[in-house]
There are 2 protein chains.
Amino acid sequence: MRPTLQDIASATNTSVSTVSRVLSGGTVAQRISLATRQKILQVAKKMGYQPNLIARSLRTRRTDTVGLLVSDIANPWFGQMASRIEQALHRHGYSLILCNSGEDEKVESQYLQLLAQRGIDGLIVVPLARTREALMEHLPENLPLVLLDRPIPGIAHSIASDQRQLAGQLCDTLWQVGVRQVALVCGPHHIVTHQTRASLVAERFKVIFRYEGPAQIETGRQAMVQLNCRPQAIICTNNFLGQGVIDAIDRFDKPPIIGCFDEIPLMHLMTVPVVCSNQDIPLMAEVCVDQLLMQLRGKQATSGVHTTVPIRVITNRAFREQFASTVEK
Amino acid sequence: MRPTLQDIASATNTSVSTVSRVLSGGTVAQRISLATRQKILQVAKKMGYQPNLIARSLRTRRTDTVGLLVSDIANPWFGQMASRIEQALHRHGYSLILCNSGEDEKVESQYLQLLAQRGIDGLIVVPLARTREALMEHLPENLPLVLLDRPIPGIAHSIASDQRQLAGQLCDTLWQVGVRQVALVCGPHHIVTHQTRASLVAERFKVIFRYEGPAQIETGRQAMVQLNCRPQAIICTNNFLGQGVIDAIDRFDKPPIIGCFDEIPLMHLMTVPVVCSNQDIPLMAEVCVDQLLMQLRGKQATSGVHTTVPIRVITNRAFREQFASTVEK
DNA sequence: TTGTAGGCGTTATCAC
DNA sequence: GTGATAACGCCTACAA
């Protein structure tokens, strides 16, 4: 059994409170005589004392822990995001408990409840829920909360890229090289990001083929199997779908352009023309953590902040070579 | 403030113990009269009762939580692994607390200590530490523990691919197409996986160029900037290095073959010949969780198990076309 | 400067 | 069947 404050108190002929004061460090520790302080520190070290954070949390009502609930940690986009968020929080003394909803509403709800019960200090979530009620059902009203990637009306703090801008620039680039009709491969329409992107694209182009499925690589491949026409471009509403589409695009002699939301790895090595509309992951992570820390520190509910961050569109070499005449630089 | 057992007890004219029994469910709940049981359940629901897991853990000494400490969650390899592990654990009623050491020994040590203090029930770790002492410094001796990807002598449970087999098959494939000398781009030699892979490769080929750095994409790119000779192949000790190398390989008119440990996304679309030696992530995750659950359930220390899982080597189309004559199928 | 005591919300051991 | 009551390990007034 691990030693407790009591054990150390006994071993040093002092009381738990004295030991607690010494080991908690800071100002309180200064008020203890040097002699006993040193004795306690020494014994604590020898006995290998480690504070029981569970007991501490029960008492202090703080866990120094932030929850991060994402929809698919296997997706590098979220992996990078999680990595950045974790590092930033760690710098500020918080640790992260990461959960994965897998785009499953049941699982999401379950995890939200679990996190609440575990008494996290704050929460960052990529929600599947689309209403405030659904999201907050099991959450304490005053929990510091930041939405990532998918804003919900009525919830104050969120970070996302401007989907209109993201889609706009992607479409502009395609339009400039003559694209007028496209195939659309999109994630589930009940996910707000995919839905928004799909409809923004549909505003600009004639959609002659449409395939919807889970936002996974395999879905992109399947879409290509089903494809029964010759679109000028294929637009995918996220990176995984794009990867799947590109992966399966072999069978075309002269493949259409791939337009994709989010980054495709190594795209510039490919012979298929690709254009991606990329979000700034490091910046989003940073702003996200900043907003959360804001709430964690000043308990005052900072007025609502919906932050959108800048984006950028990138084409690969194949794209630029193929359309050298129509696109400048 | 959230309602507690006491609040419900007061509201129903019962005692905390009765309420506890009812709400904990199971057999104990059966022994309570139907009338009070229903009354309590109803009131609990109306008041929106949620158990305080911190208090429960303090009492029961269980957290139903497993720690997963990985070295780089931004790397999709770990992302996929984490995803699988999380799902498997979730099925068994455990939740996951994910930490990221960033290949930093200080951070790793810090997190190990933190996890211990938080009273996790079990731990899965991709260790940077290479000795039992370093790893266990702050961990309770009897903590259910599984090492992932990097075995350590003296620690009973680990899951990894057989590096010898991984390297062997990769080298065989290259050897068969005439490769005799290579450039080696590897991760830090203090990480056992990279070190092992590098030396296994060096046993088979003449290494005419060598570049070492953090196992990140950028390192691979830099290696190509430095490259001052014409190797027959470039071998990279992980996926990120491989991605960086491929990303920067443009400047070669006739690029060398890329040999890589772990998967390169969309490799078969590339005009560069690529051969990868892949690990079976889903299987590794599954075995990993199985081994941990074993320890979590039967407190008996199952005798040491070092599991290695099968691997497979994959070439891309460019590779196969280029060497159609020398390789069958 | 130090000690005593109460309580955080649960579970578990007794009694009745 | 149900209710006191004592932990779990820690923090923190309040005393001394």
Side-chain angles (χ1 to χ4, degrees), chain A residues 1-41 43-44 47-65 114 116-121 140, chain B residues 1-41 43-44 47-65 114 116-121 140:
Chain A
M1 223 50 331
R2 295 242 282 268
T4 71
L5 291 186
Q6 182 56 256
D7 297 329
I8 298 178
S10 310
T12 56
N13 286 319
T14 58
S15 72
V16 271
S17 32
T18 306
V19 178
S20 172
R21 285 189 266 254
V22 169
L23 294 182
S24 68
T27 325
V28 260
Q30 304 301 332
R31 304 198 176 285
I32 303 293
S33 80
L34 191 63
T36 53
R37 210 190 318 167
Q38 288 181 332
K39 185 172 55 178
I40 287 174
L41 284 173
V43 171
M47 298 179 68
Y49 172 76
Q50 304 205 182
N52 181 327
L53 296 188
I54 295 177
R56 177 179 292 171
S57 290
L58 180 59
R59 186 54 234 245
T60 62
R61 301 166 156 317
R62 292 180 38 239
T63 53
D64 295 320
T65 295
L114 185 72
Q117 295 176 355
R118 292 185 54 108
I120 50 170
D121 293 345
Chain B
M1 222 49 338
R2 297 240 283 266
T4 72
L5 291 186
Q6 181 55 256
D7 297 328
I8 298 179
S10 311
T12 55
N13 287 319
T14 58
S15 72
V16 270
S17 10
T18 305
V19 178
S20 173
R21 283 190 266 256
V22 170
L23 294 182
S24 67
T27 324
V28 260
Q30 304 303 332
R31 304 198 175 285
I32 302 293
S33 80
L34 191 62
T36 53
R37 208 185 328 161
Q38 288 182 331
K39 184 172 57 178
I40 287 174
L41 284 172
V43 171
M47 296 178 71
Y49 171 77
Q50 304 206 183
N52 182 327
L53 296 188
I54 295 177
R56 177 179 294 171
S57 290
L58 180 60
R59 186 57 235 240
T60 62
R61 302 166 157 309
R62 294 181 35 239
T63 53
D64 295 320
T65 296
L114 185 72
Q117 295 177 355
R118 292 183 57 106
I120 51 171
D121 293 345

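Quick note on labels: first sequence line is chain A, next is B, and so on, each numbered from 1. Every heavy atom of this structure was used, including side-chain atoms; hydrogens, water molecules and symmetry mates were not.
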(Q) Taking 4.0 Å as the cut-off, does a side-chain nitrogen or oxygen of S20(A) come that near to OP1 or OP2 on dC11(D)? (A) yes
Q) Can you find a donor-acceptor N/O pair under 3.5 angstrom joining the side chain of S17(B) to the base of dA4(D)? A) yes
Q: Name the closest nucleotide to the T18(B) side chain, picking from dC8(D), dT2(D), dT12(D).
A: dT2(D)
Q | Residue-phosphate contact under 4.0 Å: S33(B) side-chain N/O, dT2(D) OP1/OP2 | A | yes
Q | Whether over 12 other heavy atoms sit under 6.0 Å from R31(B) CZ | A | no
Q: Compare side-chain N and O positions of Y49(B) against OP1 and OP2 of dT10(C) and report whether any pair is under 4.0 Å apart.
A: yes
Q. When we call it a touch if two heavy atoms are under 4.0 Å apart, what does T4(B) touch: a base, just sugar-phosphate, or nothing?
A. sugar-phosphate
Q. So, does the side chain of R56(B) form a donor-acceptor pair with the base of dT10(C) at under 3.5 Å?
A. no
Q: Find out whether L53(A) and R56(A) are in side-chain contact, i.e. whether some heavy atom of one side chain is under 4.5 Å from a heavy atom of the other.
A: yes
Q: Quick one: label S57(A) by what it contacts on the DNA or RNA (base, sugar-phosphate, nothing), any heavy atom closer than 4.0 Å.
A: nothing
**Q.** Residue mapping more 5' on DNA chain C - nearest nucleotide basis, R61(A) or Q30(A)
**A.** Q30(A)
Q.
Under 4.0 Å, counting only non-hydrogen atoms across every strand here, what does R21(B) touch: a base, just sugar-phosphate, or nothing?
A. base
Q: Check whether any side-chain heavy atom of D7(B) sits under 4.5 Å from a side-chain heavy atom of M1(B), and report yes or no.
A: no
Q: Determine whether any donor atom in the side chain of R59(B) lies under 3.5 Å from an acceptor atom in the base of dA7(D), or the reverse, and answer yes or no.
A: yes
Q) L5(A) near the nucleic acid: base, sugar-phosphate alone, or nothing, with a heavy-atom cut-off under 4.0 Å? A) sugar-phosphate
(Q) Using heavy-atom distances to pick each residue's nearest nucleotide on DNA chain D, tell me which of Q6(A) and N13(B) is more 5'. (A) N13(B)
**Q.** Contact check, side chains of R37(B) and Q30(B), non-hydrogen atoms, under 4.5 Å
**A.** yes
(Q) Just so I know, are the side chains of L5(A) and Y49(A) near enough to count as touching, which here means a heavy-atom distance under 4.5 Å? (A) yes
Q) dT5(D), dC11(D), dT2(D): which one has an atom nearest the side-chain heavy atoms of T60(A)? A) dC11(D)
Q) Contact class for S24(A) vs. all strands (heavy atom < 4.0 Å): base, sugar-phosphate, or nothing? A) nothing
Q: Please state how far atom CG in L58(A) lies from atom P in dG9(D), giving the value in whole angstrom units.
A: 12 Å
